[in-house]
Number of protein chains: 2
Amino acid sequence: MSNDPSSNASNPLFQLENQLCFPLYALSRMITKAYQPLLLELDLTYPQYLVFLLLWEHQELTVKELGEKLFLDSGTLTPLLKRLEQKQWISRRRDPRDERSVIIGLLPAGQQLQARACQIPEEIIAKLNMPQADFEALRLQLNALLIQLA
Amino acid sequence: MSNDPSSNASNPLFQLENQLCFPLYALSRMITKAYQPLLLELDLTYPQYLVFLLLWEHQELTVKELGEKLFLDSGTLTPLLKRLEQKQWISRRRDPRDERSVIIGLLPAGQQLQARACQIPEEIIAKLNMPQADFEALRLQLNALLIQLA
DNA sequence: TAATGTTTAATTGTGTGCAATCAAATTGAC
DNA sequence: GTCAATTTGATTGCACACAATTAAACATTA
């Protein structure tokens, strides 16, 4: 009854499994959820964790640089960074050489978070339980696509 | 100066490019953004579009079934579905045989949306500009991982 | 049938994402 | 130097996501 031949319901391109976007969307949320219990111990959300990965590596970055690396704009980053500033984990100050820029720096408490976070990557890999080769192959493909589309 | 040997900043597992989660997270948002201008013409968001993909195929689904297929809970779906109901695109009614369930059905305007949406899959593939073989390979890998983790 | 437990949506609260707009600072052409 | 254009963050408003709680309906079992 529901198979009206004039409808595109049976168009295979319309089925979730045949799209690239849906598994990407669903997997992204599932993996973020896999991080959640580990990050809860650090009182961090997943996007906040990404900001710290960058700050632990670079010590200081402007909002613009964070946005470029994470593909996020200031409408997302500003409130997120203000929450981290309130916890005294990061500092926010204008660049004296260009007052339009805001430099984000690590405060001691934020620096110390790293010690507690350092096991997370291994724990996630263990949790996902993927063969190392599959993990690597997928990672390379996704990174290549990311760079191509960026 | 920033290379304190006691820090894990140089731990390669801590770098964005070496993680699986980050490209997944960034790609998911980038591809959703690629849909946005196409969906704007239909006055749909990306998650709303996913709901319609399922409804066009199945005509009727409960909130629970939608949630299982999309990996979303009622806290996300209920307000989304109420917005679609307000536009008279879908109907929401209790299942008389089990009053706990809410059945989501297509209204005529929602059914007709499909005609305008049917070119979207092809347009997205064209927009992403990926070789068909790469697209297929990645799709299969992501779906396999999704099923494994679900 | 009465008590208990389970299933299902809805609600509430917090935190992203992102488009659109605004405002301040800087840069460039003249 | 001055005006216009550009850069950069901040703000606002809307729509997810999701944890946690609540409430109603159903199922089970004594």
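Residue numbering restarts at 1 for every chain, and letters A, B, ... go by the order of the sequence lines.
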Notebook entry, point to check: Same hydrophobic cluster for B/Ile103 and B/Ile90, using side-chain heavy-atom links shorter than 4.5 Å among ILVMFWY?
Noted result: no

Note to self: In whole Å, I'd like the distance from the CG atom of A/Leu77 to the P atom of D/dT8.
What the structure shows: 14 Å

Next item on the list: Identify, between B/Thr76 and A/Leu40, the residue whose nearest nucleotide on DNA chain D lies closer to the 5' end.
Entry: B/Thr76

Notebook entry, point to check: Starting at the 5' end of DNA chain D, which residue's closest nucleotide do you reach first, B/Tyr46 or A/Gln36?
Noted result: B/Tyr46

Checklist line | Separation of atom CZ in A/Arg29 from atom P in D/dA19, rounded to whole Å | finding: 11 Å

Note to self: Please list, in numerical order, the residues of residues 79-94 of chain B that have a heavy atom closer than 4.0 Å to any atom of DNA chain C.
What the structure shows: B/Lys82, B/Arg92, B/Arg94

Next item on the list: Name the first nucleotide and the last nucleotide along DNA chain C (5' to 3') that come under 4.0 Å of a heavy atom in chain A.
Entry: C/dG15 to C/dT26

Item checked: Under-3.5 Å donor-acceptor pair between A/Ser74 side chain and D/dA10 base -> yes

Next item on the list: Calculate the interatomic distance between B/Lys33 atom NZ and D/dC16 atom P; express it in whole Å.
Entry: 16 Å

Margin query: Quick check on DNA chain C: between A/Glu99 and A/Phe71, whose nearest nucleotide comes earlier from the 5' end?
Written below: A/Phe71

Note to self: Taking side chain to side chain contact (heavy atoms under 4.5 Å, CB included) as the criterion, tell me which of A/Leu106, A/Leu50, A/Leu84 meets it with A/Leu55.
What the structure shows: A/Leu106

Check: Base, sugar-phosphate, or nothing: which does A/Asp73 touch, judged by heavy atoms less than 4.0 Å apart?
Finding: base

Next item on the list: Write down the distance between CG (B/Leu44) and P (D/dC14), rounded to a whole number of angstrom.
Entry: 18 Å

Checklist line | Value in whole Å for how far the C1' atom of D/dT8 lies from CD1 of A/Ile104 | finding: 13 Å

Checklist line | Donor-acceptor pair, side chain of A/Asp73 and main chain of A/Thr76, under 3.5 angstrom | finding: yes

Next item on the list: Could you please name the option among D/dC18, D/dA25, D/dG9 that lies closest to any side-chain atom of A/Ser101?
Entry: D/dG9

Table please: side-chain donor-acceptor pairs of residues 26-33 of chain A below 3.5 Å, with sequence neighbours left out.
{"residue": "A/Arg29", "atom": "NH1", "partner": "B/Phe71", "partner atom": "O", "Å": "2.8"}
{"residue": "A/Arg29", "atom": "NH2", "partner": "B/Leu70", "partner atom": "O", "Å": "2.8"}
{"residue": "A/Thr32", "atom": "OG1", "partner": "A/Ser28", "partner atom": "O", "Å": "2.8"}

Next item on the list: Could you tell me how the ring of A/Tyr49 sits relative to the ring of A/Trp56: parallel (under 30°), tilted (30 to 60°) or perpendicular (over 60°)?
Entry: perpendicular

Notebook entry, point to check: Tell me: CD1 of A/Ile103 to P of D/dT8, nearest whole Å?
Noted result: 13 Å

Check: Are A/Val102 and A/Leu107 joined in one hydrophobic group, where the rule is that I, L, V, M, F, W and Y side chains link up if heavy atoms are under 4.5 Å apart?
Finding: no

Item checked: Plane angle bin for A/Phe52 and A/Trp89 - parallel if under 30°, tilted between 30 and 60°, otherwise perpendicular -> perpendicular

Note to self: Let's see if you can work this out: which of D/dT8, D/dA25, D/dA17 has an atom nearest to the side-chain heavy atoms of A/Arg100?
What the structure shows: D/dT8

Check: Any side-chain heavy atom of B/Leu77 sitting closer than 4.5 Å to one from B/Ile104?
Finding: no

Margin query: What's A/Thr32 touching, base or sugar-phosphate or nothing? Going by heavy atoms closer than 4.0 Å.
Written below: nothing

Check: Is the closest side-chain heavy-atom distance between B/Lys69 and B/Leu61 below 4.5 Å?
Finding: yes

